[in-house]
Visitor: 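Let me give you the structure first, and then I'll get to my questions.
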Amino acid sequence: MAVAMVWVVAGLFNLTLVSFFGLYTIADERAVDRSEATGEFDPSQLLPRSVALWLVAHASIALLIVLDVVGIALFVRARRRRRTAA
């Protein structure tokens, strides 16, 4: 039961971070398009603190990948130990 809850929480965590990254990417692209729409570049149309948002979005995706790999590796290791113990 506890293992199932961990996988459910991990799935929700994945969904949340991927949604955040997707929404950030869409918002950033629209802001850049808006800033270039007049023919001149208007920096006031860009997202505020866009560098910090970019870093957070990409760091969260990198962390998500690392946590998924570690979780899968631990799961495989636990299954192997159960099989050899039985």
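By convention here, the first residue in the shown sequence is residue 1. No experiment lies behind these values; they were computed from the predicted model shown.
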Visitor: Write out all pairs satisfying ring-ring contact (aromatic ring centres under 6.0 Å, His included) with one or both partners inside residues 16-35, taking only residues at least two apart or from two chains.
Guide: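 Of all non-adjacent pairs touching residues 16-35, those that pass ring-ring contact (aromatic ring centres under 6.0 Å, His included) are Phe21-His58.
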Visitor: Among pairs that include at least one residue of residues 63-86, which meet ring-ring contact (aromatic ring centres under 6.0 Å, His included), considering only residues two or more places apart or in two chains?
Guide: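 Counting only pairs at least two positions apart or across chains, the ring-ring contact (aromatic ring centres under 6.0 Å, His included) contacts touching residues 63-86 are Trp7-Phe75.
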Visitor: How would you list, by chain and number, every residue that makes a side chain to side chain contact (heavy atoms under 4.5 Å, CB included) with Arg34, sequence neighbours excluded?
Guide: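 Arg34: side chain to side chain contact (heavy atoms under 4.5 Å, CB included) contacts with Ala31, Gln45.
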Visitor: Test Asp28 against Leu53 for side chain to side chain contact (heavy atoms under 4.5 Å, CB included), laying out the working first.
Guide: CA-CA 9 Å; Asp28 188 50; Leu53 280 172; over 6 Å; no
Visitor: Do Leu46 and Phe41 come close enough that some side-chain heavy atom pair is under 4.5 Å?
Guide: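 Contact flag for Leu46/Phe41 side chains = yes.
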Visitor: Measuring from Leu47:CG to Trp54:CH2, what's the distance to the nearest 0.5 Å?
Guide: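 Nearest 0.5 Å value for the CG-CH2 distance: 14.5 Å.
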Visitor: Among Val70, Leu63, Val69, Leu64, exactly one meets side-chain contact (heavy atoms from CB on, under 4.5 Å) together with Leu67. Which residue is that?
Guide: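 Result: among Val70, Leu63, Val69, Leu64, Leu63 is the only option passing the side-chain contact (heavy atoms from CB on, under 4.5 Å) with Leu67.
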Visitor: To the nearest 0.5 Å, what is the distance between CG (Asp68) and CG (Asn14)?
Guide: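 It is 4.0 Å, given to the nearest 0.5 Å.
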